[in-house]
Amino acid sequence: MSSDRLDMVVVGAGFAGLAMLHAARALGLAVRVVEAGGGVGGTWFWNRYPGARCDVESMEYSYQFSEALQQDWVWHERYAAQPEILAYAEHVADRFDLRRDIQFDTRVVSAAFDEDRSEWRVTTTAGETLRTRFMVMATGCLSVANRPDLPGLGRFRGPRYHTGDWPHEGVDFSGLRVGIIGTGSSAVQAIPVIAERADHLTVFQRTATYTVPAHNRPLPPAESAAIKADYATLRARAKRTFSGIDIVFNEAEALAVTPAARQREYEARWAQGGIGFIAAFADLLRSAEANATAAQFVRDKIGEVVRDPAVAERLAPRHVIGCKRLCLDTGYWRSFNQPNVTLVDIAENPIAGVVEGGIVAGGRTWPLDAIVLATGFDAMTGALNRIDIGGIGGLKLAQKWAAGPRTYLGLAIAGFPNLFTVTGPGSPSVLTNMLPTIEQHVEWIAACVAHVGARGARQIAAEPGAEDAWVAHNAEVASRTLRSTCASWYVGANVPGKPRVFMPYIGGFPTYVKACAAIAAEGYAGFHLS
Ligand code: NA7
């Protein structure tokens, strides 16, 4: 056991953990980052499935804390693929000499707050107990795989993979009959690539998905140079938008314009590609009737690409578009025209089980040599609830969150002093561009920790009343949007038994940033220093 007390333990060495380490070092703090993986990069370390790619443009999906870094780094595609993003994370770690404070291949098992000493005692799988004044949970929003409990899965004789825990050496599907379960973002990216190699690909679809084209392409040096010449303008423009992404949010309402004008706007956004499609009109996520026009537009597009009308019909989603996360695709619909791709609709006839040689669904066995689970994650709370976190009076976080997460700003939790979450539930996180969102949190936490030190305090704790008000505000803004109306992972619906609470803050990035800044400016209103 280490007897020296650290100033800060950071859990996770993804983009949040790396930025936190860098910022904490600048304050002169003694920091240790504990990381489960064997390298940096978080999401991009684990999600190595074929076709894995970011759905935010690469010129925006990067840090802003160092002008030299953002000038030097060169992105090669409009949307970067996983290997390039991982290389970027590794470059940052090396460039700022971060690795020396990161303990890899180690998980945090528990963290208990010692009230007398105002410190956290953190145990790890390395058998150590670390003592630290502050804890920062940089554990990611989508870091715990959701593995469905399919009867007989253990009996399957071939290999099984989860997209979020992909073998580092890659997988060669040549000549194999592959089954993929799920049609979310990961599957939408993986299916066209796996279908190129597999002898046969069987897609098990529970909910049809809306996708818009990525129109990914190489990023010409002149284009990135033009952005770099005035990077600050792009960054500032992005920060003013609802999602912190430089897309144009049309202020016109879909139902206020003519059908022809509506169609023109949808076509223009479709041609441009990207998630900006859902910002085509201001009422798309407020009015079911407006939403239906965008949904029909996408369904028509599916019908234009997919040749077999019966398959096109099964691929056509019926829920609110943008309610589940909108996927970006590169050749997804086209894949279903290939003779080696079969779509199995498991909405009505769920998977009955798995046998040695395949998956049983719809009254027959689909013969398979390998199974890919593209079944997503125990989002936002999964990683935090898996650590045995005990706050004031031994209160367990998992117990406190039994009916859904409760936080103040998605940054702090009443009853858990000196503990911060980066992009925690109750912050905009997954509804925004994660990189600037992470940096905003990291800067806020660093300033808060400096404030605590400057005031000579040993503890800072969110007040229960402030937390209650924030939770109520979250629920209120969520109730105003159609995004809270479907069985998405935003509400925990993908994990059996998980409480249904809309977890990210949907009041918009600028509103959120303003709230955080105002609270800090008021001397950390809603927090108690002692
Ligand atoms: P998602 O978006 O949660 O997608 C998971 C998919 O797996 C989705 O189609 C689910 O259907 C399906 N699923 C989950 N559990 C089951 C079971 N038990 N049986 C059948 N099908 C199932 O995860 P992704 O990894 O694709 O994407 C996560 C995020 O990563 C994404 O939003 C981006 O931000 C990047 P369902 O819709 O629940 O019916």
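By convention here, the first residue in the shown sequence is residue 1. Atoms within a ligand are numbered from 1 in the order they appear, just like the ligands themselves.
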_Test: Lys301 and Glu267 ion pair at under 4.0 Å_ = yes

Distance-only check: which donor-acceptor pairs under 3.5 Å involve side-chain atoms of residues 400-410, not counting sequence neighbours?
| residue | atom | partner | partner atom | Å |
| --- | --- | --- | --- | --- |
| Lys400 | NZ | Ala414 | O | 2.8 |
| Lys400 | NZ | Glu467 | OE1 | 3.3 |
| Lys400 | NZ | Glu467 | OE2 | 2.6 |
| Trp401 | NE1 | Arg406 | O | 3.0 |
| Arg406 | NH2 | Asp468 | OD1 | 2.8 |
| Thr407 | OG1 | Gly410 | N | 2.9 |
| Thr407 | OG1 | Pro425 | O | 2.8 |
| Tyr408 | OH | Ala525 | O | 2.8 |

_Under the rule for salt bridge (charged side-chain N to carboxylate O under 4.0 Å, His left out), what residues qualify as partners of Glu443, not counting sequence neighbours?_
none

*Does a salt bridge link Asp345 with Arg314, judged by any charged N lying under 4.0 Å from a carboxylate O?*
no

*asked:* Can you list every protein residue that has a heavy atom under 4.0 Å from any atom of ligand 1, sorted by chain and residue number?
replied: Leu142, Asn146, Pro148, Ile181, Gly182, Thr183, Gly184, Ser185, Ser186, Arg206, Thr207, Lys324, Arg325, Ile346, Ala374, Thr375, Gly376, Phe377, Trp489

*asked:* List the residues meeting side chain to side chain contact (heavy atoms under 4.5 Å, CB included) with Ala80, not counting sequence neighbours, and say none if there are none.
replied: Ser58, Trp75, Glu84, Ile85

*Is a salt bridge present between Glu77 and Arg53, judged by a nitrogen-to-oxygen distance below 4.0 Å?*
yes

